K.L.:
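This is the structure, below, for whatever I ask next.
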Amino acid sequence: MDEHIGRAVVGVDALQDRVGELGAQITADYTDDPPILVGVLKGAFLFMADLARAIALPVEFDFMAVSSYGSATRTSGTVRILKDLDVDVTDRPVLIVEDIVDSGLTLAYLQRNIAARGPRSVATCALLVKDGLQRTELDLAYVGFTIPPVFVVGYGLDVGERYRNLSGIHEYVGPPRR
Ligand code: 5GP
């Protein structure tokens, strides 16, 4: 796309294969009780679209949007909700669909926030987990890939709203992000 896009960290074929496997696993695990998929905007939008089509169950869809934080909120683990759920998840199985887990603070917050609404269950499917960076114990039922701790873009992930439409996951080798 341009010179700021480095090597592919996860290629298109590997993505497609793994998303198919995750969908099959989720289908098997939720056969009797299809979940509400809660996509975390904006990064998870492509993953959510592909994952949902790999799940052979009548799932429902909802989305949350949370603020990307600065350094202050990173340490506190506080996340601002920009768009809340539309559906009532009380006594429903919820599957959070997240693009990438770095420190894990965003996801820990979302899991707590959704659990507080009294769902029947909450589980998380994260496409990418950065190796060794999690600062909190996370319950990750489904993980696509564990990747090295580099900044990546593509397949929904951005830098300044760009590169989300790359088909694969690439290392970002451009100027500083903020
Ligand atoms: P955490 O709270 O786990 O530290 O960060 C999670 C959020 O930070 C992700 O949902 C994503 O928005 C952003 N993020 C973390 N690592 C990356 C990365 O390598 N690339 C991009 N584009 N966003 C990232």
Side-chain angles (χ1 to χ4, degrees), residues 8-66 68 79 81-131 134 136-147 152-158 163-170:
V9 176
V10 184
V12 178
D13 292 347
L15 269 177
Q16 215 168 48
D17 290 352
R18 186 70 187 124
V19 172
E21 288 172 5
L22 290 171
Q25 208 181 332
I26 290 165
T27 302
D29 292 349
Y30 287 89
T31 307
D32 299 325
D33 206 5
I36 299 175
L37 303 180
V38 173
V40 184
L41 295 172
K42 300 175 190 171
F45 81 107
L46 285 182
F47 176 44
M48 175 97 151
D50 287 342
L51 180 70
R53 283 178 288 186
I55 299 173
L57 298 171
V59 294
E60 292 179 34
F61 294 77
D62 207 345
F63 294 92
M64 282 181 82
V66 294
S68 53
V79 173
I81 294 180
L82 304 176
K83 186 224 166 288
D84 205 347
L85 294 176
D86 293 327
V87 300
D88 179 2
V89 298
T90 310
D91 202 29
R92 306 286 309 277
V94 174
L95 183 60
I96 301 172
V97 180
E98 175 65 302
D99 50 2
I100 186 164
V101 177
D102 186 352
S103 69
L105 293 174
T106 304
L107 189 56
Y109 173 84
L110 282 171
Q111 287 178 342
R112 275 199 313 274
N113 182 284
I114 291 175
R117 305 174 197 220
R120 189 173 321 153
S121 62
V122 191
T124 298
C125 179
L127 178 64
L128 305 170
V129 175
K130 284 198 196 171
D131 209 6
Q134 287 70 58
T136 171
E137 276 292 307
L138 279 177
D139 182 12
L140 289 170
Y142 308 94
V143 172
F145 299 90
T146 301
I147 62 166
V152 292
V153 293
Y155 198 61
L157 292 162
D158 74 313
Y163 309 122
R164 293 191 196 275
N165 59 325
L166 286 170
S167 300
I169 309 275
H170 291 260

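Because the structure is a prediction, the values reported are computed rather than measured.
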K.L.:
Give every residue pair that meets the salt bridge (charged side-chain N to carboxylate O under 4.0 Å, His left out) criterion with at least one member in residues 35-49, sequence neighbours excluded.
P.N.:
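Sorted pair list: K42-E161.
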
K.L.:
Check salt bridge (charged side-chain N to carboxylate O under 4.0 Å, His left out) between R92 and all other residues, then give those that pass, not counting sequence neighbours.
P.N.:
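Salt bridge (charged side-chain N to carboxylate O under 4.0 Å, His left out) list for R92, sorted by chain: E60.
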
K.L.:
Drop me the distance from D99's CG to L107's CG, to the nearest 0.5 angstrom.
P.N.:
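Rounded to the nearest 0.5 Å, the CG-CG separation comes to 10.0 Å.
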
K.L.:
Show every donor-acceptor pair shorter than 3.5 Å between a side-chain atom in residues 24-31 and any protein atom, with sequence neighbours excluded, or say none if there are none.
P.N.:
residue : atom : partner : partner atom : Å
T27     : OG1  : G23     : O            : 2.6
T27     : OG1  : A56     : N            : 3.1
D29     : OD2  : Y142    : OH           : 2.6
T31     : OG1  : T27     : O            : 2.8
T31     : OG1  : A28     : O            : 3.1

K.L.:
If you round to the nearest 0.5 Å, how far is CG of N165 from OH of Y155?
P.N.:
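Atom-to-atom, Y155:OH and N165:CG are 13.5 Å apart.
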
K.L.:
With sequence neighbours excluded, tell me which residues meet side-chain hydrogen bond (donor to acceptor under 3.5 Å, both in side chains) with E21.
P.N.:
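For E21, the residues satisfying side-chain hydrogen bond (donor to acceptor under 3.5 Å, both in side chains) (neighbours in sequence not counted) are R18.
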
K.L.:
Please list, chain by chain and in numerical order, all residues satisfying side chain to side chain contact (heavy atoms under 4.5 Å, CB included) with I147, sequence neighbours excluded.
P.N.:
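Testing I147 for side chain to side chain contact (heavy atoms under 4.5 Å, CB included), a comparison that skips the adjacent residues, returns V9, V10, I100, L128, K130, F145, V152.
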
K.L.:
Excluding sequence neighbours, so at least two apart, what forms side chain to side chain contact (heavy atoms under 4.5 Å, CB included) with N113?
P.N.:
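Side chain to side chain contact (heavy atoms under 4.5 Å, CB included) list for N113, sorted by chain: M64, I81, Y109, R117.
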
K.L.:
Please find the pair of heavy atoms, one from F45 and one from G156, that lie closest to each other, and give the distance.
P.N.:
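That would be CE2-CA, 3.9 Å.
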
K.L.:
Work out which heavy atom in A54 is nearest to a heavy atom in G20; give both atom names and the distance.
P.N.:
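Smallest interatomic distance, heavy atoms only, reads CB-CA, 4.1 Å.
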
K.L.:
Would you mind reporting whether L105 and V79 have side-chain heavy atoms less than 4.5 Å apart?
P.N.:
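Of all side-chain heavy-atom pairs linking L105 with V79, none is under 4.5 Å.
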
K.L.:
Quick one: side chain to side chain contact (heavy atoms under 4.5 Å, CB included) partners of A108, sequence neighbours excluded?
P.N.:
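If we apply the side chain to side chain contact (heavy atoms under 4.5 Å, CB included) test to A108, skipping adjacent residues, the hits are R112, T136, L138.
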
K.L.:
Applying salt bridge (charged side-chain N to carboxylate O under 4.0 Å, His left out), which residue pairs with at least one partner in residues 46-57 are found, sequence neighbours left out?
P.N.:
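Those involving residues 46-57 are D50-R53.
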
K.L.:
Going by side-chain hydrogen bond (donor to acceptor under 3.5 Å, both in side chains), name the residues that satisfy it together with D62, two or more places apart in sequence or in a different chain.
P.N.:
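With neighbours one apart ignored, the set is empty.
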
K.L.:
What are the two closest non-hydrogen atoms of I169 and G154, and how far apart are they?
P.N.:
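Heavy-atom minimum between the residues: CD1-O, 3.8 Å.
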
K.L.:
Looking only at heavy atoms, what is the nearest atom pair of G168 and L15, with distance?
P.N.:
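G168 and L15 have their closest heavy atoms at CA-CD1, 4.0 Å.
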
K.L.:
Who passes side-chain hydrogen bond (donor to acceptor under 3.5 Å, both in side chains) against D158, sequence neighbours left out?
P.N.:
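Scan of D158 (side-chain hydrogen bond (donor to acceptor under 3.5 Å, both in side chains), adjacent residues dropped) gives R164.
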
K.L.:
How would you list, by chain and number, every residue that makes a side chain to side chain contact (heavy atoms under 4.5 Å, CB included) with D13, sequence neighbours excluded?
P.N.:
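Result, side chain to side chain contact (heavy atoms under 4.5 Å, CB included) vs D13: none returned.
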
K.L.:
Rounded to the nearest 0.5 Å, how far does CZ of F61 lie from CG of D86?
P.N.:
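Here the rounded value is 14.0 Å.
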
K.L.:
How long is the gap from CG on L140 to CD on Q111, to the nearest 0.5 Å?
P.N.:
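Answer for the CG-CD pair, L140 versus Q111, is 6.5 Å.
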
K.L.:
Sequence neighbours excluded, which residues qualify as salt bridge (charged side-chain N to carboxylate O under 4.0 Å, His left out) partners of D91?
P.N.:
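With sequence neighbours excluded, D91 shows a salt bridge (charged side-chain N to carboxylate O under 4.0 Å, His left out) to R120, given in chain and number order.
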
K.L.:
Any side-chain heavy atom of D139 sitting closer than 4.5 Å to one from T124?
P.N.:
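The answer is no; the side chains never approach within 4.5 Å.
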
K.L.:
What I'd like to find out is whether the side chain of L37 reaches to under 4.5 Å of the side chain of L95, using heavy atoms alone.
P.N.:
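Heavy-atom side-chain distance check passes, below 4.5 Å.
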
K.L.:
Where is the tightest heavy-atom contact between L51 and C125, given as atom of each residue plus distance?
P.N.:
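Heavy atoms of L51 and C125 come nearest at CD2-SG, 3.9 Å.
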
